Amino acid sequence: MKTTEPPAPVPAESGVTVTKADVPAGAPPEERKAGGVLNVFSHGILVIWAIMVALPLVWAVMTSFKDDAAIFGSPWSLPDELHFENWSRAWTQAHMGDYFFNTVLVVGGSLVGTLVLGSMAAYVLARFEFPGNRFIYYLFIGGMSFPIMLALVPLFYVVNNMGLLNTIHGLILVYIAYSLPFTVFFLTAFFRTLPGSVAEAAFVDGASHSRTFFQIMLPMARPGLISVGIFNFLGQWNQYMLPTVLNTDEDKHVLTQGLVQLAVSQGYKGDWSGLFAGLVMAMLPVLAAYIVFQRQVVQGLTAGALK
């Protein structure tokens, strides 16, 4: 019968006898030193990057509360007095309120349509095998690589022939078509990570395909929907080329068109404080959306890897 021998004693500098089991196991000193240097370097890069990103945003917000003399006299100092009239002047006289309302209509309608149509197409492509499945999937992938500038001229004539030029609903349809390729690509990969046993159990209980999708699979895909929704919101909110070509009616301009028009007009009037106020108005919804949904965005991007 074998017996377990006690661990050999290891002498310590203090004169106290310890065993090998008492010695902590860890990385060699060289590895710990290299890991510490790498952490310091990576954290330093992140701090520099955060300053480069946050400083222009903070400066724009700060400048929007200054008058024109303070903007040119002391551009880097804090405002001596908060000039809220800059915001009211940009909202009313520069018609930023009208542009903001038009943008909310266009982006809200296109975002809902993109998520509904994109999720339905992605679910079918991810869960069902049928002839032409991969061909349709690669068509959507090809739509991501097609430059939008090459489609502007034919798109203009198509929209004009359909009677949708200079209309809100026409711009919504174009935004949906513009955002569908990436949405289908993103959600197809996400739906493939969801467990198929849940859908099979729903079919056994007598649920239809539509009920299984809307009541079971779609709620499970909520992190992916929020993530792709944020990306589409950013792209559609900041879209400038499509509305410039397809929406030439000044009464139906969106924020990006309004900001360009405001910048051109302020170049002659010299109302730079109103221009910065309008810029911050267009910027705040994007920042608010990401701050509110930043956790869901990270969950949606990492869900496939974690599963």
Side-chain angles (χ1 to χ4, degrees), residues 90-125 132 135-188 210 213-214 218 225 228-265 278 281-282 285-286 289:
W91 186 264
T92 55
Q93 298 181 11
H95 305 289
M96 293 302 294
D98 298 333
Y99 302 147
F100 191 92
F101 179 73
N102 294 336
T103 306
V104 170
L105 287 180
V106 173
V107 175
S110 60
L111 193 60
V112 173
T114 302
L115 292 180
V116 172
L117 297 177
S119 60
M120 295 172 66
Y123 175 73
V124 173
L125 293 175
F135 176 74
I136 296 175
Y137 177 73
Y138 287 123
L139 279 181
F140 282 108
I141 301 300
M144 296 175 56
S145 60
F146 190 80
I148 190 62
M149 293 187 64
L150 297 180
L152 288 178
V153 174
L155 183 61
F156 175 85
Y157 286 106
V158 169
V159 175
N160 188 29
N161 293 334
M162 296 177 63
L164 299 176
L165 196 64
N166 296 327
T167 60
I168 296 295
H169 53 280
L171 201 58
I172 290 175
L173 292 178
V174 174
Y175 275 24
I176 292 175
Y178 171 77
S179 304
L180 268 181
F182 173 74
T183 304
V184 173
F185 169 75
F186 187 95
L187 291 180
T188 299
S210 59
F213 171 72
F214 285 105
L218 200 60
L225 291 173
V228 75
I230 291 297
F231 292 137
N232 286 330
F233 174 77
L234 296 178
Q236 294 173 3
W237 187 273
N238 297 322
Q239 181 61 242
Y240 174 70
M241 188 173 300
L242 288 176
T244 300
V245 175
L246 305 175
N247 185 27
T248 57
D249 188 356
E250 293 186 3
D251 294 334
K252 298 176 182 177
H253 276 183
V254 294
L255 269 175
T256 50
Q257 295 175 284
L259 283 176
V260 173
Q261 184 176 352
L262 180 61
V264 173
S265 62
M281 288 180 188
V286 177

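Because the structure is a prediction, the values reported are computed rather than measured. Both backbone and side-chain heavy atoms feed into the values below; hydrogens, waters and symmetry mates do not.
- Closest heavy-atom contact between A90 and G278: CB-N, 4.0 Å.
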Problem set entry | Test side-chain contact (heavy atoms from CB on, under 4.5 Å) applied to H95 and Q261, step by step | CA-CA 10 Å; H95 305 289; Q261 184 176 352; over 6 Å; no
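- Rounding to the nearest 0.5 angstrom, the gap separating the CG atom in N161 from the CZ atom in F156 is 9.5 Å.
- At distances below 3.5 Å, not a single donor-acceptor pair connects side-chain atoms of N160 with backbone N or O atoms of L165.
- Across all their heavy atoms, A94 and L262 have their closest contact at CB-CD1, 3.5 Å.
- By the 30° and 60° cut-offs, the orientation of the rings of F100 relative to W91 is tilted.
- To the nearest 0.5 Å, atoms CG (L173) and CD1 (I168) are separated by 11.5 Å.
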Problem set entry | Audit row: N238, L255, side-chain contact (heavy atoms from CB on, under 4.5 Å) steps and yes/no | CA-CA 8 Å; N238 297 322; L255 269 175; over 6 Å; no
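- A donor-acceptor contact shorter than 3.5 Å links the side chain of T256 to the backbone of Q239.
- Applying the 6.0 Å contact sphere to CE of M241 captures no more than 12 heavy atoms from other residues, nucleotides or ligands.
- Residue N232 forms a side chain to side chain contact (heavy atoms under 4.5 Å, CB included) with just one option from F182, W237, Y178, and that option is F182.
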Please tabulate, one pair per line, all N/O donor-acceptor pairs under 3.5 Å involving side-chain atoms of residues 108-123, not counting sequence neighbours.
{"residue": "S110", "atom": "OG", "partner": "V106", "partner atom": "O", "Å": "2.8"}
{"residue": "S110", "atom": "OG", "partner": "V107", "partner atom": "O", "Å": "3.1"}
{"residue": "S110", "atom": "OG", "partner": "Q236", "partner atom": "OE1", "Å": "2.7"}
{"residue": "T114", "atom": "OG1", "partner": "S110", "partner atom": "O", "Å": "2.6"}
{"residue": "S119", "atom": "OG", "partner": "L115", "partner atom": "O", "Å": "2.6"}
{"residue": "S119", "atom": "OG", "partner": "V116", "partner atom": "O", "Å": "3.0"}

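- Within the 3.5 Å criterion, the main-chain N or O of F185 finds no donor-acceptor partner in the side chain of T188.
- In this structure, V286 and L234 have side chains that are in contact, with non-hydrogen atoms separated by less than 4.5 Å.
- Sorted by first and then second residue, the pairs that involve residues 163-174 and meet side chain to side chain donor-acceptor pair (under 3.5 Å), not counting sequence neighbours, are N166-T248.
- The heavy-atom pair separating I172 from L105 by the smallest distance is CD1-O, 3.8 Å.
- V245 places none of its side-chain heavy atoms less than 4.5 Å from the side chain of L155.
- For the residue pair M144 and P181, the shortest heavy atom distance occurs at CG-CB, 3.6 Å.
- Atom CG of N247 sits about 7.5 Å away from atom CG of N102, to the nearest 0.5 Å.
- For Q257 against T244, the heavy-atom pair with the smallest separation is NE2-CA, 3.6 Å.
- Listed here is the closest heavy atom pair of A282 and L259: CB-CD1, 3.6 Å.
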